[in-house]
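Here the structure comes first, spelled out in structure tokens, and everything after it is commentary.
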Amino acid sequence: MKKGDHLFLIDGSGYIFRAYHALPPLTRKSDGLPVGAVSGFCNMLWKLMQDARNTDVGIVPTHFAVIFDYSSKTFRNDLYPEYKANRSAPPEDLIPQFGLIRQATRAFNLPCVEMEGFEADDLIATYCRLACEAGGDTTIISSDKDLMQLVGETVGMYDPMKDRQIGIPEVVEKWGVPPEKMIDLQALTGDSVDNVPGVPGIGPKTAAQLLEQFGDLDELLARAGEIKQEKRRESIIANADKARISRQLVTLKNDVPVAEGLDDFVLHAPDGPKLIGFLKTMEFTSLTRRVAEATGTEAGDVQAIAVPVERADNAHGPDVGAGTPPVARAAEIETTETPKQGDTPSLLAALRLERAATAKIDTSAYEGIRDIATLKAWVAEAREAGIAAFDVRATSTDPMQAELIGLAMATAPGRAGYIPFAHKSGNGDLLGGGMLENQIPLREALAVLKPLFEDRSVLKIAQNLKYDLVIMSRYGIDVAPFDDTMLISYVLDAGTPHGHGMDALADKWLGHKPLQLKDVTGSGKSSVGFDQVDIDRATAHAAEDADVTLRLWLVLKPRLAAKGLVSVYERLERPLVPVLARMEQRGISVDRQILSRLSGELAQGAARLEEEIYLLIGERINIGSPKQLGDILFGRMGLPGGSKTKTGQWSTSAQLLEDLAAEGHELPRKIVDWRQLTKLKSTYTDALPGFVNPDTKRVHTSYALAATTTGRLSSSDPNLQNIPVRTAEGRKIRTAFITDKSLRLVSADYSQIELRVLAHVAEIPQLRQAFADGADIHAITASEMFNVPVEGMPSEVRRRAKAINFGIIYGISAFGLANQLSIPREEASAYIKKYFERFPGIRDYIEETKAYAREHGFVETIFGRRIHYPDIRSSNPSLRAFNERASINARLQGTAADIIRRAMIRMEEALDKAKLSARMLLQVHDELIFETVEVEVEATIPVVRHVMENAAMPAVSMSVPLHVDARAANNWDEAH
DNA sequence: ACAGAAGCTTA
DNA sequence: GTAAGCTTCTGTT
């Protein structure tokens, strides 16, 4: 570069966001790919380059580069961790455009410049300095105030959207200070968007005036005592440190060790065919025409090129792969719904399905990523594509104990690789095998992967992502943004016969059966850990999973929009993933001594009962065997009332034994008691200590988001949602769930949430009133049904009404109610009839639900969650009736589940905002359990209650108030 | 070694 | 009558 040359630097990242928000949304016609920002970008580049050839304009660039941010984490985060911390992920439809804009830049024959650890602004500052030193001029294509500090005699800015030049006078006019004081001004005002603190109470006007008065920031801070206005003076003195750190944050670094020099930016004429190929692919018809004219290219001769993101342009592409012909397949899917003609998401869904299902899966085509250079190339490729499916391989299915073995990544269908970190040679002698050659050491690999996994412009996709999230978090990586194919499937298809596991989804959508873990590790006694699998086989297996995950995403994601389920996914599913990941990581403290003592007591009690039982039956059978027990009780001893299970065995259910005990038989009572003690011992007091994590000394359950049909969570390993509470004996187990001395457990649970949901959705005036009054709902029900006053009501009357209320929630049947109340079926029938007479709205609700389910094959919660009942039209009456009851229950249980999900999603921020340190640990369907310091208990409870009671708002304003009870104690028993 | 049934725990 | 998960026993692979 020499004197007279002119460098154009485009702030690519800044432009993307501005164009996205400023320009009308635009999607590629053929498939709905969002391209608004790309279109704006291409038009701007073209205009700038046209101007470059038109010497009349005055400014003629000789050098040209587009600068991008690399990742969200830069050296500024080391200075100030909160820097840009409250930035949220970019909008859904912007994410794929980041990669496209880089491609656009290259199509224009322009250099794309970015560097890890630095913002685009730092690179721009550096190149400005270099150009200045070489005697050239610079124009920065941006209107960002953060760049205004660079404006000077040889550096100007240009806002392409407003067609406005920004020089020294414009900066002074806008901010009241010359460019060289912009840094001090920004240090004072701060920036709420980037989380630069600044001095509270000082805005641009005040800052400019102060700088005018004192000259610069150092002088101002030194002489702050001279400021007349009291508030202002105090604030500046108190926040001098914040101003200093802010100055560091806003000062651009102009000595970045850049890889490309200015000579690499010499402007070349555009390559017509290359550029037109890209523009055609994007379907920018008018720009394509203009470029064709200007470059003298015949647009018709140019083929649209393949673009790594969303290659739906290739719909008639490779017709390989066996099975159903693609067209028939796509058609088959859409006939199950009612697609609207020209409905773009539906069309996209069909196209995606066809592509992903037909492009052959070849496990031998995956790449082993064995050195840093290759890994870096893959990372670059993922950034280009804007999406990356990944799959973690680790030593354990428990993410709290798993050590990373390797990681697979896919960037496009068929394009996948596997990075081995820690595979060992398979010889299983005592010393174990040594580490295999040609792997990338974990630390080095993670250093390269971390910026990608945290890059807000690259969407990370996984199947059951929470597992990977917990592991990555333990390695210091916060994965965002992300999609989870399992959850997308769950939102689309809860209740359908196929599950949401990878194998089921691959089979259903891709007609493909992926390699099984067992096929590479072996099974049973001869099985080996995944780290003992040789790297080629591991690559085939893991990379295939990443490839399949990417294809599933391509197929499933557009279906969310096509079916109007985006908001369920975005508001009830995806945001819960990191919340649950954190809850699982926190775990809960369990006192092993208490459990061990209880185990001893239970063993003694059970042994005593065992002896008594043996004495009564005269032999030492296995009491735990229902078969042996039934044969003795009803066969040899000939007890009355025996009934058979469906396999023809004598039934020995607790209910039946209780009935016999009530008739005065001694043995059944002892058996029931023995079962209770052994149940408590084996399932809880003996099993729980085995779940204490050796590192954290706490118990970390695993929550499944996609395991139930209704939207509830489930808990396993261990299940902490079925810890005993009903009997005094069982409750003792809860005393083992404890906190440290200065901490407390806070338990907050919704009171009667499902009945409240019923009163709301079925619009039952008496029930709404009763809940509004805070009345005893079962007593009110009884009073309405039996015409008895609530005052002095016999407990039996209330009990029956309560059973009916619960029965309604479960999709009542006379058979079930009769069983529950131990009354004849005719009597139960009469109760139900009476109930419907008093609450006709509930009968209507039930009938409407059944009719809706029958018509659509699914029901919905009030938040739009869809639950399918494919057997609702079965000709089998009992199967049909079962589906009817389940669908009635699903609307209520599912709505309640959605409400607590919403509360959980909002809870952490609400606690943060209230400056409370409480940490959410557990969820038990209608209850949340927190751990907090004792001194904050009183402040925490109202915050928790407020979030939970208002969780339906603003999406739904319920006609019945939600009520939350909350208590704190040293253990779960007393807190509940 | 695994799968299903029976039984029991929770909301 | 709804929704789950875990343990034990039992019979099959």
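Only this structure's heavy atoms are used, side chains among them; waters, hydrogens and symmetry mates stay out. Quick note on labels: first sequence line is chain A, next is B, and so on, each numbered from 1.
Rounded to whole Å, the distance from CD1 on I671(A) to P on dG7(B) is 12 Å. Atom-to-atom, CD1 of I899(A) to P of dA11(B) comes out at 18 Å; the value is rounded to the nearest Å. Between L892(A) atom CG and dA11(B) atom P the separation is 18 Å, expressed in whole Å. For the pair N722(A) CG and dT10(B) P, the computed distance is 8 Å after rounding to whole Å. Between the NZ atom of K679(A) and the C1' atom of dT10(B) there is a distance of 10 Å, given to the nearest Å. When rounded to the nearest whole Å, the span between NZ of K646(A) and C1' of dA6(B) equals 9 Å. At whole-Å resolution of the value, CG in D926(A) and P in dA11(B) are 7 Å apart. Taking atom CD of residue E927(A) and atom C1' of nucleotide dT9(B), one finds them 15 Å apart after rounding to whole Å.
Within 4.0 Å (heavy atoms only), S523(A) reaches no atom of the nucleic acid at all. Residue contacts for D749(A): at a heavy-atom cut-off of 4.0 Å it reaches no nucleic acid atom on any strand shown. F882(A) comes within 4.0 angstrom of sugar-phosphate atoms only, judged by non-hydrogen atoms across all strands, and of no base. G807(A) comes within contact range of at least one nucleobase, with a heavy-atom separation under 4.0 Å. R675(A) comes within 4.0 angstrom of the backbone, heavy atoms only, and of no base. I723(A) comes within 4.0 angstrom of the backbone, heavy atoms only, and of no base. Contact annotation for R885(A): backbone-only contact, meaning every heavy-atom pair under 4.0 Å involves sugar-phosphate atoms and none involves a base. Within 4.0 Å (heavy atoms only), T678(A) reaches no atom of the nucleic acid at all. Using a 4.0 Å heavy-atom criterion, one finds that S813(A) contacts the bases of the nucleic acid, with or without backbone contacts as well. Within 4.0 Å of A687(A), counting heavy atoms only, lie sugar-phosphate atoms of the nucleic acid but no base atom. At a threshold of 4.0 angstrom between heavy atoms, the contacts of I812(A) include nucleobase atoms, whether or not backbone atoms are also involved. Using a 4.0 Å heavy-atom cutoff across all strands shown, A654(A) reaches sugar-phosphate atoms only and no base atom. At the heavy-atom level, A828(A) lies nowhere under 4.0 Å from the strands shown.
Here the rule is side-chain contact (heavy atoms from CB on, under 4.5 Å) with Q721(A), and of L922(A), T701(A), V924(A) only V924(A) fits it.
Between F786(A) and Y831(A), the gap from one ring centroid to the other is short of 6.0 Å.
Checking the phosphate oxygens (OP1, OP2) of dT10(B), a side-chain nitrogen or oxygen of R726(A) falls inside 4.0 Å.
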Open item on the list: Determine whether R891(A) and T849(A) satisfy the following criterion, side chain to side chain donor-acceptor pair (under 3.5 Å), listing intermediate values before the conclusion.
Closed with: CA-CA 8 Å; R891(A) 285 181 72 186; T849(A) 302; 2.7 Å; yes

Open item on the list: Run the salt bridge (Lys or Arg N to Asp or Glu O under 4.0 Å) test on R571(A) and D898(A) for me, step by step, so that the C-alpha distance in whole Å, both residues' side-chain angles and the decisive distance to 0.1 Å come before the verdict.
Closed with: CA-CA 10 Å; R571(A) 300 171 75 161; D898(A) 289 347; over 6 Å; no

Open item on the list: Walk me through whether D686(A) and S599(A) qualify under side chain to side chain donor-acceptor pair (under 3.5 Å).
Closed with: CA-CA 7 Å; D686(A) 286 354; S599(A) 260; 2.5 Å; yes

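A salt bridge links E796(A) with R799(A): the closest approach of a Lys/Arg side-chain nitrogen to an acidic carboxylate oxygen falls below 4.0 angstrom. Salt-bridge annotation for K670(A) and E612(A): present, with a side-chain N of the basic residue lying under 4.0 Å from a carboxylate O of the acidic one. A salt bridge links K732(A) to E729(A): at least one charged side-chain nitrogen sits closer than 4.0 Å to a carboxylate oxygen.
Reading DNA chain C from its 5' end, the first and the last nucleotide to sit under 4.0 Å from a heavy atom of chain A are dG1(C) to dG11(C).
Using modelled atom types, one side-chain atom of R734(A) and one backbone atom of I723(A) make a donor-acceptor pair closer than 3.5 Å.
The side chain of P626(A) approaches dG7(B) more closely than any other nucleotide in the set dA11(B), dA5(B), dG7(B).
Shown for residues 752-763 of chain A: no residue has heavy atoms falling under 4.0 angstrom of DNA chain C.
Classification of the H856(A)-F858(A) ring pair by plane angle, with boundaries at 30° and 60°, yields tilted.
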